[in-house]
Amino acid sequence: MKKSIETSVVCRKADALEIRADVLFVGIFEKEPLDGLVQRVDRRLKGQISRLLELKDFKGKPQTTALLYSRGQLGAERVLLVGLGEKKKADPDVLRKAAALAASTAVDLKVSSLAAAVDWSDWADHTPQELAQAFAEGIHFGAYRYIEYRSPEPSEPPVSSLQAVLAEPDERRLRPLQQGMRIGDILGKAQNYARTIANRPANVMTPAALAAEAQKLARRTAGFRCTVLDEKKLAAEKMGGILAVGKGSANPPRLIVLRYSPPAASSKAAPLALIGKAITFDSGGVSLKPSEGLHDMKFDKSGGAAVLAVMAALAALKPRRVVYGIIPAAENLPSGTSYRPGDIVTTYSGRTVEIQNTDAEGRMLLCDAIAYAEKLGCNPIVDTATLTGACVVALGTKRAGLMGNDSGLLEAIEKASKKTGERVWRLPCDDEYVEAMKSQIADLKNVGGKWAGACTAAAFLSQFVGKARWAHLDIAGVGVWGAGEKDAPGSIGFGVRLLTTFAVSL
Ligand code: BES
Ligand code: ZN
Ligand code: ZN
């Protein structure tokens with residue numbers, strides 16, 4: 001029953017006009033005369049591309065396509081024109097998105113091979129290596145479908161696959177292209193892995209099942225260790241925040257701690273901690289959410305899924321620093337054993353929190369995980385979480401909120417974000433916002449006022465950070481709803497490329 005679309009991406013010395021494939025991907029810039037490769041393809045097709053453009057049936061706008069048939073004039077059966085937008089805006093993210101659309105179209109056409117060629121000179125000062133990486137990431141992203149639980153249609157083979165080949169005529173370029181593709185392949189696969197974990201429903205992906213998944217990853221990877229704190233160990237460690245949130249569910253909570261250590265433990269630098277919120281289902285608890293769209297709250301584990309996938313990518317990329325992947329996992333449900341508004345919870349740090357809304361559960365898990373990471377000696381600490389609806393109101397579905405206590409760290413994350421195309425936007429979370437989180441009967445309360453909910457949530461978290469540099473990504477808007485209209489439904493695995501690139505850059 002476990003199924004996915006097997007995707008592979010390779011680079012080969014070949015002429016794109018001759019290479020055999022079901023589809024040849026040809027990128028077209030807006031308002032540019034045809035030249036280079038596109039012009040050669042156009043000549044073979046007896047001017048079909050120029051005619052399309054003349055008639056304005058296709059203009060090269062981003063996220064648009066046109067399909068042509070080569071009828072023996074090319075090695076490929078079909079030509080898929082994909083709009084690249086204006087040439088002056090050409091960057092790796094444009095190629096990534098175009099490759100994704102091409103791969104997605106190929107999957108919809110139910111074909112299994114796609115060839116592509118890129119005129120590197122069209123892409124300003126971006127190197128073939130970084131472009132090839134983006135291409136590979138895009139192919140993986142676009143070919144992804146969440147089909148684990150779909151019965152095959154009787155007329156089709158049960159598992160489909162897509163092989164993408166980047167044709168490169170110049171031998172000297174093959175090495176850098178292959179290097180870029182190797183990284184793109186690792187990141188693309190990791191991102192799709194996060195999507196699958198996030199897409200799995202809450203009846204399947206319980207906290208214990210997520211922990212088993214992490215243990216499976218650790219077992220098959222050298223240099224990995226996985227420790228799982230079950231409800232008994234959580235109680236022994238006094239992880240009051242995680243326990244409170246998990247109390248209402250028959251699926252008990254877990255704290256998953258993955259540790260990667262580099263082959264040669266050369267650096268004496270403190271370990272990096274990546275923390276991901278994993279609420280396997282967020283009903284809101286006693287402060288129950290409205291039923292509209294509630295099924296989407298299975299995606300409240302997207303941060304945890306991303307961290308798990310980043311660790312899988314790091315296993316292949318082998319950075320030189322110790323990295324902890326810390327995933328607090330729980331299910332937030334209303335029942336006779338749930339935590340309630342009015343409860344006072346003693347967290348792992350010793351700080352007490354007055355619960356005013358059981359739906360503000362993410363911060364209750366994260367505060368324990370952050371304090372735990374700091375106790376392990378981690379610095380910096382970066383968390384990613386579908387934390388607040390307020391962040392969706394503030395930034396919509398295109399950018400994640402970025403907050404933290406150290407401008408150098410935030411800049412490093414922004415730099416990684418520019419490379420990977422997973423966009424972020426800074427929001428404040430300084431002491432002014434902490435005021436809103438002070439309780440009269442405990443050290444803190446778990447909700448602020450009506451305003452700046454993303455900032456007050458982050459300010460709450462900041463209270464559990466000691467000396468470490470810390471950054472927080474609020475991905476509530478970008479995990480699923482950030483998907484372009486043409487993306488496959490479900491999780492987009494936000495943050496996997498970003499956090500992996502950041503971790504490797506340290
Ligand atoms: N998981 C939600 C945040 C969320 C909202 C994620 C929309 C994705 C889409 C979080 O646990 C939550 O419910 N937050 C509350 C906090 C409030 C009660 C202070 C919210 O944002 O409404
Ligand atoms: Zn909630
Ligand atoms: Zn939540």
Side-chain angles (χ1 to χ4, degrees), residues 198-199 202 205 207 210 241-242 244-249 253 275-306 327-334 338-343 353-369 383-401 403 427 429 433-434 436-437 439 444-461 472-483 490-492 494-495:
N199 283 334
M205 200 84 283
L210 188 61
I242 299 173
V245 176
K247 271 196 330 174
S249 171
I275 300 176
K277 167 180 170 180
I279 292 294
T280 58
F281 184 68
D282 184 10
S283 70
V286 169
S287 314
L288 193 62
K289 286 181 183 292
S291 58
E292 196 196 324
L294 195 51
H295 55 279
D296 277 343
M297 280 300 143
K298 71 170 182 176
F299 295 117
D300 211 21
K301 59 187 179 307
S302 297
I327 305 168
E331 184 172 36
N332 189 18
L333 289 180
S338 299
Y339 79 138
R340 333 154 179 74
D343 284 3
V353 180
E354 178 195 353
I355 303 302
Q356 288 193 341
N357 189 320
T358 61
D359 197 11
E361 84 298 335
R363 61 199 77 184
M364 298 307 297
L365 297 183
L366 291 170
C367 69
D368 280 1
D383 78 76
T384 178
T386 47
L387 201 61
T388 67
C391 193
V392 194
V393 174
L395 299 178
T397 59
K398 305 295 178 196
R399 282 176 194 255
M403 285 144 273
L427 296 171
C429 67
Y433 296 96
V434 179
M437 304 308 296
S439 162
L444 293 162
K445 53 182 177 164
N446 78 332
V447 290
K450 195 171 174 185
W451 311 115
C455 305
T456 53
F460 175 92
L461 297 180
H472 159 65
L473 286 168
D474 193 329
I475 60 166
V478 289
V480 191
W481 303 272
S491 165
I492 61 162
F494 185 95

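For clarity, every value in this text was computed on a predicted model and none was experimentally measured. Just follow the structure's listing: the first ligand is 1, and inside any ligand the first atom is 1. This chain uses plain numbering: 1 for the first residue, then up along the sequence.
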TODO: Name the option, out of Asn357, Leu387, Asp474, Val478, that contains the heavy atom nearest to atom 3 (C) of ligand 1.
DONE: Leu387
Open item on the list: With heavy-atom distances below 4.0 Å as the criterion, list the atoms of ligand 1 near Thr386.
Closed with: 1 (N), 2 (C), 3 (C), 6 (C)
- [ ] Could you pull out the atom name of the N/O/S atom in Glu361 that is nearest the Zn ion (ligand 3)?
- [x] OE2
Task: Test side-chain contact (heavy atoms from CB on, under 4.5 Å) applied to Asp368 and Ile242, Ile275, Val245, the passing residue - done: Ile242
Open item on the list: Suppose I only count heavy atoms of Glu361 and a 4.0 Å limit; which atoms of ligand 1 are within that range?
Closed with: 11 (O)
Open item on the list: So, of the N/O/S atoms that Asp300 has, which is the nearest one to the Zn ion (ligand 3)?
Closed with: OD2
TODO: Would you mind finding which of Asp359, Ile475, Thr456 brings a heavy atom closest to atom 12 (C) of ligand 1?
DONE: Asp359
Open item on the list: Donor-acceptor check, side chain of Lys301 to backbone of Lys298, threshold 3.5 angstrom: yes or no?
Closed with: yes
Open item on the list: Closer than 4.0 angstrom, basic N to acidic O: yes or no for Lys277 and Asp300?
Closed with: yes
- [ ] Answer yes or no as to whether an N/O/S atom of Lys277 is found below 2.8 Å from the Zn ion (ligand 3).
- [x] yes
Task: Where ligand 1 meets Val447 - atom numbers and elements under 4.0 angstrom, heavy-atom basis - done: 19 (C)
Task: Check: Arg363 side chain, Asn446 main-chain N or O, donor-acceptor pair, under 3.5 Å - done: yes
Task: Asp300, any N or O under 3.5 Å of ligand 1 N or O - done: yes
Task: Any N or O of Lys289 closer than 3.5 Å to N or O of ligand 1 - done: yes
Open item on the list: Between ligand 1 and Gly389, is the shortest N or O to N or O distance under 3.5 Å?
Closed with: yes
Open item on the list: Check whether Tyr339 reaches the backbone of Lys247 with its side chain - one donor and one acceptor, N or O, closer than 3.5 Å.
Closed with: no
Open item on the list: Is it true that Asn332 and Ser283 share a donor-acceptor pair across their side chains at a distance under 3.5 Å?
Closed with: no
- [ ] Would you check whether Lys277 reaches within less than 4.0 Å of ligand 1, judged by its heavy atoms?
- [x] yes
Open item on the list: To the nearest 0.5 Å, what is the distance between CD1 on Ile492 and CG on Asn199?
Closed with: 11.0 Å
- [ ] Kindly confirm or rule out an N or O of Thr388 lying under 3.5 angstrom from an N or O of ligand 1.
- [x] no
TODO: Of all the heavy-atom pairs spanning Leu210 and Ala278, show the shortest one and how long it is.
DONE: CD2-CB, 3.6 Å
- [ ] Give me the one residue out of Thr358, Leu365, Asp359 that meets side-chain contact (heavy atoms from CB on, under 4.5 Å) with Glu361.
- [x] Asp359
Open item on the list: Tell me which N, O or S atom from Asp282 is the closest to the Zn ion (ligand 3).
Closed with: OD2
